[in-house]
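Accompanying notes for the structure given below.
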Amino acid sequence: MDKSRFSGQVMAITGAAQGIGKAVAERAAREGASLALIDRTPYLEEVVAVLRERGTDIIALQADLEHWEEAREALDQVQQHFGRVDIMVNNVGGTIWARPFADYAPQQIEAEIRRSLFPTLWGCRAALPHMLAQGSGVIVNVSSVATRGVNRVPYSAAKGGVNALTQSLAFEYAGAGIRINATAPGGTEAPPRLTPRNRESPTQQEERWYRQVVEQTLDSSLMHRYGSVDEQAAAILFLASAEASYINGTVLPVAGGDLG
């Protein structure tokens, strides 16, 4: 860890109240970044309070990034507060249900796509004008190796969209001094979610379907284990840093050998 790796840089992180996003924020703070943490839950304020007490230049922005206007307003506020947006980490997403595709209701399919594609799509769209104006920037999207996986077809489709978005945007904006990459996490151990994605208690059948997801995740990893949030954060911040200055348009699997 380099305590000055992100010194003088402004990093916006979405989904920063818990899990991978929180781990990215904590490590980036230790490495000198000024931070704008964006999440739709009020728990974000607790993360910001702790990091501010440690001396981090930081702001909290509550926004539902499934909606364009809230994403645009959040990034405009980052620009207004810090005067620039150097790094954008798009971390919002995650499976809401786990079931065979034929058992998904149409509204569930739409909800999965909204949750795991649109926050990244809107986050990129909101950050790019600021990066174009300053002539530089880095975007790191958080995708998933579950683009190939059981019982998560809508989520897989959404994350496949994130991969395509990442590669196409990198091709389009490399000449403008903007790098765009993604990580593709595998199964990741994290503390229990403060806000569950699905508030309904699972049925016995749903629990069996979810166990199939866990079994497939472990079987697909050469290391046959889940990763940690710190292992995911390390890869994200590597791609965000100048150490990855010649890496662009890449989706980096962080899944113990599972390539998705």
Side-chain angles (χ1 to χ4, degrees), residues 1 11-31 33 35-54 56 58-66 89-98 111-112 115-116 119-120 123 140-146 149 151-152 155 158-159 182-202 206-207 209-218 220-221 223-238 240 253-256 258:
M1 184 180 297
M11 183 183 302
I13 305 168
T14 71
Q18 55 194 318
I20 293 172
K22 180 182 177 185
V24 171
E26 290 171 340
R27 181 162 176 167
R30 293 196 298 271
E31 297 190 39
L35 297 177
L37 304 189
I38 308 168
D39 203 288
R40 66 181 182 182
T41 73
Y43 304 112
L44 183 66
E45 295 289 351
E46 299 172 16
V47 179
V48 168
V50 170
L51 294 180
R52 183 176 287 132
E53 190 172 314
R54 296 175 185 170
T56 303
I58 188 169
I59 60 171
L61 298 169
Q62 195 166 344
D64 184 345
L65 299 170
E66 293 181 20
V89 177
N90 289 303
N91 171 63
V92 173
T95 306
I96 306 172
W97 295 276
E112 293 276 13
R115 186 61 183 157
S116 289
T120 298
V140 182
N141 298 324
V142 179
S143 181
S144 175
V145 293
N151 298 346
R152 292 164 289 176
Y155 173 73
K159 290 302 189 178
T183 63
T188 304
E189 293 283 1
R193 289 187 58 80
L194 300 171
T195 304
R197 297 189 185 105
N198 182 4
R199 296 179 182 276
E200 300 173 0
S201 298
E206 288 170 333
E207 289 177 347
W209 284 332
Y210 185 75
R211 283 198 298 272
Q212 290 174 352
V213 170
V214 173
E215 290 166 2
Q216 180 255 297
T217 299
L218 291 172
S220 297
S221 168
M223 299 175 74
H224 301 302
R225 69 169 176 86
Y226 271 43
S228 69
V229 292
D230 289 330
E231 287 172 318
Q232 299 299 337
I236 291 166
L237 290 175
F238 164 67
V254 189
D258 185 357

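Just so it is clear, the values below take in all heavy atoms, side chains as well, and ignore hydrogens, waters and symmetry mates. Note that the numbering runs from 1 along the sequence shown for the chain. The shown structure was predicted, so the numbers you read here are calculated from the model rather than taken from an experiment.
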Least distance between heavy atoms, G21 atom then I13 atom: O-CG2, 3.9 Å

D39 and T41: side chain donor to acceptor below 3.5 Å: yes

CA sep, side-chain torsions, deciding dist, call: E66, R40, salt bridge (Lys or Arg N to Asp or Glu O under 4.0 Å): CA-CA 10 Å; E66 293 181 20; R40 66 181 182 182; 3.5 Å; yes

Nearest heavy atoms of V145 and G186, plus distance in Å: CG2-CA, 3.5 Å

Donor-acceptor under 3.5 Å (E45 side chain, P42 main chain): no

Short side-chain to backbone donor-acceptor contact, S144 and V142, under 3.5 Å: no

T183 (side chain) donor-acceptor with P185 (main chain) under 3.5 angstrom: no

Heavy-atom closest pair, residues G256 and S221: O-OG, 3.3 Å

Donor-acceptor pair, side chain of T188 and main chain of G227, under 3.5 angstrom: no

Set of residues satisfying side-chain hydrogen bond (donor to acceptor under 3.5 Å, both in side chains) with respect to R211, sequence neighbours excluded: none

Contacts of A63 that satisfy side-chain contact (heavy atoms from CB on, under 4.5 Å) - sequence neighbours left out: I38, L65, E70, A74

Check: I236 and I20 side chains under 4.5 Å, non-hydrogen atoms: yes

Non-hydrogen side-chain atoms of I96 and Y155 separated by less than 4.5 Å: no

Validation row: N151, W97 side chains within 4.5 angstrom (heavy atoms): no

Point-to-point distance, once rounded to the nearest 0.5 Å, from NE2 of H224 to CG of D258: 10.5 Å

Between CZ on residue R152 and CH2 on residue W209, distance to nearest 0.5 Å: 14.5 Å

K22 NZ to E46 CD distance, which is reported to the nearest 0.5 Å: 8.0 Å

Check: G94 main-chain N/O paired with R115 side-chain donor or acceptor under 3.5 Å: no

From OG1 (T56) to CZ (R30), nearest 0.5 Å: 10.0 Å

Minimum side-chain heavy-atom gap E31-M11 below 4.5 Å: no

